[in-house]
Amino acid sequence: MSAEAPASSSSSKRPSSEITSPAKPETPKFDFEPPVASIRRILKSSLPPHITLSKDALAAFNRSSGIFILYVTTCANDFAREGKRSTIGGGDIMASLRELGFGGVAGEVEEFMAKWREREGTKKEIASKEREVKRQKKESVAEPVPATATTTATATTITTTEAEEVAPTPNTE
């Protein structure tokens, strides 16, 4: 009979895969992919009608556009930080496009932004005018009747005989 000694937990060694190295700070991983329908619509509008895209190509465009957006955003964030701002503005996007070598696209984006600002300004003007009209309506409804213009109601009393003359008599036939 052989007697085996029970293995104690203190004598067991860790496998080499469990040995940990000093913790590295984790860099946040950003997974961003725009909606596939939006990418498909952009591609269909920019490609000739006889061109079709496979699912793989659409997925590649979708992932690439997400990476591009994150790339430009990261660079624009750097420009905003240099300006000691926490909000990325249109100027930061334009500067990042130029910095990253997309200067040719920057001109088109500037034109788009100018049109967008004009359209937004028009929307704000219309909304402002609508608010002013509503405010004026509320003020005109809420205005109390001036104390000098009192109205008096005249009560008309009708006697029973006059009421019988005015009221139609029921037909008893």
Thr52 side chain near Leu47 side chain, heavy-atom distance below 4.5 Å
no
Compile the donor-acceptor pairs under 3.5 Å between side chains in residues 114-121 and protein atoms, sequence neighbours left out, one pair per line.
residue, atom, partner, partner atom, Å
Glu120, OE2, Lys123, NZ, 3.4

Pair Phe68 + Phe102: ring centers closer than 6.0 Å
yes
Are [X] and [Y] in one and the same hydrophobic cluster, where Ile, Leu, Val, Met, Phe, Trp and Tyr link if side-chain heavy atoms are under 4.5 Å apart?
X: Ile39; Y: Ile69; result: no
X: Ile42; Y: Leu58; result: no
X: Met94; Y: Val105; result: yes
X: Met113; Y: Ile93; result: yes

With sequence neighbours left out, the residues meeting ring pair (Phe, Tyr, Trp, His ring centres under 6.0 Å) with Tyr71 are none
Mind listing the closest non-hydrogen atom pair of Ser96 and Ala76 along with its distance?
CB-N, 3.6 Å
Heavy-atom nearest pair, Pro34 first then Asn62, reads O-OD1, 2.9 Å
So how far is it from Ser46 OG to Arg41 CZ, rounded to the nearest 0.5 Å?
12.5 Å
For residues 79-91, which side-chain donor-acceptor pairs fall under 3.5 Å, sequence neighbours excluded?
residue, atom, partner, partner atom, Å
Arg85, NH1, Thr87, O, 3.4
Arg85, NH1, Asp92, OD2, 2.8
Arg85, NH2, Asp92, OD1, 2.9

My understanding is that only one of Lys138, Lys137, Glu139, Arg131 makes a side chain to side chain contact (heavy atoms under 4.5 Å, CB included) with Arg135; could you say which?
Glu139
